[in-house]
K.L.:
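Take this structure, written in structure tokens, and hold onto it; I'll ask about it next.
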Amino acid sequence: MALAAAVAVGLAACLGPAACSDGGTPPPGPSVNVRVDTSHVVMRSRLALGITHTEESLDVPAPANRIARARRVAAGIATVQNQHIYGWGALNPEPRPSELRWASLDRRVALMRSLPGTRVITLCCAPDWMTRLGRATTTYPNLPPTSGHVADFARLAVAVARRYPDVRHFIVWNELKGFYSRRLGNWDVVAYARLYNAVYDALKRVDPRIRVGGPYIVLQGTGSGAAAQRRTRGTEDPIVGRDRAFLRRWLALAHGVDFLTIDRSLVSPSHDPNRYPHDEQLRLTHWFGDIVTELRTITPAPVWYAENYIHPDTVGPFVDAAEASMLLHELRAGAAVSLRWRPQAVGPAGRVANAEALWADPRRPGGGRPLSVAAVYAAFRDHFPPGTAIVAARAGAPDLEVLASRRVALLVNARRTPVTAALGGRRIAMPGFGVRVVPLAPGG
């Protein structure tokens, strides 16, 4: 609870049975009834929150007090940590055949070990000499190994697993980089399955307890096409047809899948060229859950969001509301893990390109402090960790979202204007794009 209190900039908890409104003023906006039945358990949370360390993380040169602040934020949020083997903060681990250089990856694994939670390594990308470049360079080409070097990459994966025996979760590759086939008009599922299966088999021989997942596919489509809002490229209902076809074929080819990794953005300009007002974007966050629901009909494997984005064009309350709504729908659908990519801000606080960061850049004055999105993540970790009983809850308006346990209700106002939530005799002020954690009285 300490972190949630520390980051109350973006998340105001309403305490006690009295009316809850900002500054003691009368609750604003229309009243919306919220009903919570703590006697009716509808599911149990499976959602663990985590972070992926990228180019800049807690090992940047910065004053010790700022790093310590940032570490407290990370430790108070993440129960899963992820690091890639080549790129995103780690140097080429094998610049020449059999020439293994572990220093940078050792440093990042030591960082993960210094924080609580499950450690994960993403096996990406391949040293240059294994790729079509075929040379002893370090250019971060984000290319897969050629078919003749798949066995070499599997041997590198084994070396990684043996060096870090406390790491038991491995993701094979990142966003299917280098596997797109123009001839097929889709990702080359046979080529990826060849790599995945070689790594899967090799790691299971090292230790059968190792868990291996993939394919880390970027799921396209905003889902806005369903409402006939904009029928242009990128607006199909997720999962789009070619992604669905790839996943079904890969699941049939895979030697085993311990968890399924996916990557999705709410609105990505590279997939959907349309622009959406913020309240319209929040009407699309349900797809983060709908995708999980569909995937669980085709595989029993736990679903991990290796990356997920809002892609906001501004900072402020909208980002917090969108993140809260995204996690709410992922949790309801039964997602197992949600990883925040680039959790450390890069540059000044509030930089739009990194608006979903959890803590401020420790290299700058005031660095290491929690940013407002951290409050959202802290609320989910503190109040809805895996195993939490989720009880029946609903609001009388579709743009007031509610998630409840037996102890608290999380409210998200998905509209830009204020509303008042009427819950258990209390009137709770919800500003535009507001997020609130409300303790429940005994019996709901």
K.L.:
Do Ser405 side-chain atoms and Arg407 backbone N/O form a donor-acceptor pair below 3.5 Å?
P.N.:
yes

K.L.:
For Phe179 and Trp187: C-alpha separation, side-chain torsions, deciding distance, then whether ring pair (Phe, Tyr, Trp, His ring centres under 6.0 Å) applies.
P.N.:
CA-CA 5 Å; Phe179 282 103; Trp187 309 108; 8.5 Å; no

K.L.:
Is any NZ, NE, NH1 or NH2 atom of the basic residue among Arg415 and Asp399 found under 4.0 Å from an Asp or Glu carboxylate oxygen of the other?
P.N.:
yes

K.L.:
With a 3.5 Å distance limit and no angle check, can you tell me whether Glu356 reaches the backbone of Tyr309 through a side-chain donor-acceptor pair?
P.N.:
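Judged by distance alone, no pair lies under 3.5 Å.
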
K.L.:
Can Arg340 and Glu323 be said to form a salt bridge (charged side-chain N to carboxylate O under 4.0 Å, His left out), step by step?
P.N.:
CA-CA 10 Å; Arg340 170 56 39 225; Glu323 293 281 341; 3.2 Å; yes

K.L.:
Quick one: does Arg369's side chain have a donor or acceptor within less than 3.5 Å of a partner on Trp359's backbone?
P.N.:
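Side chain of Arg369 to backbone of Trp359, a donor-acceptor pair under 3.5 Å: no, none is there.
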
K.L.:
Is there side-chain contact between His40 and Val391, with at least one heavy-atom pair below 4.5 Å?
P.N.:
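In short, these two side chains do not touch, never coming nearer than 4.5 Å.
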
K.L.:
When you check the gap from the basic side-chain N to the acidic O, do Asp207 and Arg168 get nearer than 4.0 Å?
P.N.:
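Arg168 and Asp207: salt-bridged.
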
K.L.:
Any ion pair linking Asp152 and Arg155 (charged N to carboxylate O, less than 4.0 Å)?
P.N.:
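Yes, Arg155 and Asp152 are salt-bridged.
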
K.L.:
Should we count CZ of Arg244 as having more than 12 external heavy atoms under 6.0 Å?
P.N.:
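Count over threshold, so yes.
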
K.L.:
Taking C-beta and beyond as the side chain, do Pro215 and Leu247 meet within less than 4.5 Å on heavy atoms?
P.N.:
yes

K.L.:
Once you round to the nearest 0.5 Å, how far does CD1 of Ile298 lie from CD1 of Ile239?
P.N.:
6.0 Å

K.L.:
Check whether any side-chain N or O of Gln281 sits under 3.5 Å from a backbone N or O of Tyr276 as a donor-acceptor pair, and report yes or no.
P.N.:
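The answer is yes, because a donor-acceptor pair under 3.5 Å joins these two groups.
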
K.L.:
Could you tell me if the side chain of Leu403 sits less than 4.5 Å from the side chain of Leu331, heavy atoms only?
P.N.:
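Yes; the side chains approach each other to less than 4.5 Å.
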
K.L.:
Does Asp243 pair with Arg264 as a salt bridge, N-O distance under 4.0 Å?
P.N.:
no

K.L.:
Can you confirm whether Arg242 is buried at CZ, in the sense that more than 12 heavy atoms of other residues, nucleotides or ligands lie under 6.0 Å from that atom?
P.N.:
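Yes, CZ of Arg242 has more than 12 neighbouring heavy atoms, counting only those of other groups under 6.0 Å.
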
K.L.:
Please test Val120 against Val167 for side-chain contact (heavy atoms from CB on, under 4.5 Å), starting from the C-alpha separation and ending with a verdict.
P.N.:
CA-CA 6 Å; Val120 182; Val167 178; 5.7 Å; no

K.L.:
Is it the case that more than 12 heavy atoms not belonging to Arg416 sit under 6.0 Å from its CZ atom?
P.N.:
yes

K.L.:
Go through the structure and list residues passing side-chain hydrogen bond (donor to acceptor under 3.5 Å, both in side chains) with Ser265, not counting sequence neighbours.
P.N.:
His311

K.L.:
Please find out if less than 6.0 Å separates the ring center of Phe288 from that of His329.
P.N.:
no

K.L.:
Quick check: do Val150 and Met130 have side-chain heavy atoms less than 4.5 Å from each other?
P.N.:
no

K.L.:
Report yes if the side chains of Leu358 and Ile77 come closer than 4.5 Å at any heavy-atom pair, otherwise no.
P.N.:
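Leu358 vs Ile77: side chains touch.
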
K.L.:
Please check this pair: side chain of Lys204 against backbone of Ile210, looking for a donor-acceptor N/O pair closer than 3.5 Å.
P.N.:
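Such a contact is found between Lys204 side chain and Ile210 backbone.
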
K.L.:
Between His169 and Phe259, is there a side-chain heavy-atom distance shorter than 4.5 Å?
P.N.:
yes

K.L.:
Answer yes or no: is there a side-chain heavy-atom contact under 4.5 Å between Leu282 and Phe433?
P.N.:
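SC-SC contact between Leu282 and Phe433 confirmed.
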
K.L.:
Tell me which one of Glu307, His53, Glu55 satisfies side chain to side chain contact (heavy atoms under 4.5 Å, CB included) with Arg342.
P.N.:
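Only one option passes, and that is Glu55.
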
K.L.:
Centroid-to-centroid, His84 to Trp341, below 6.0 Å?
P.N.:
yes

K.L.:
Are the ring centres of Trp173 and Tyr196 closer than 6.0 Å?
P.N.:
no

K.L.:
Between Gln81 and Thr118, is the side-chain contact (heavy atoms from CB on, under 4.5 Å) condition met? List the steps.
P.N.:
CA-CA 6 Å; Gln81 296 179 76; Thr118 300; over 6 Å; no

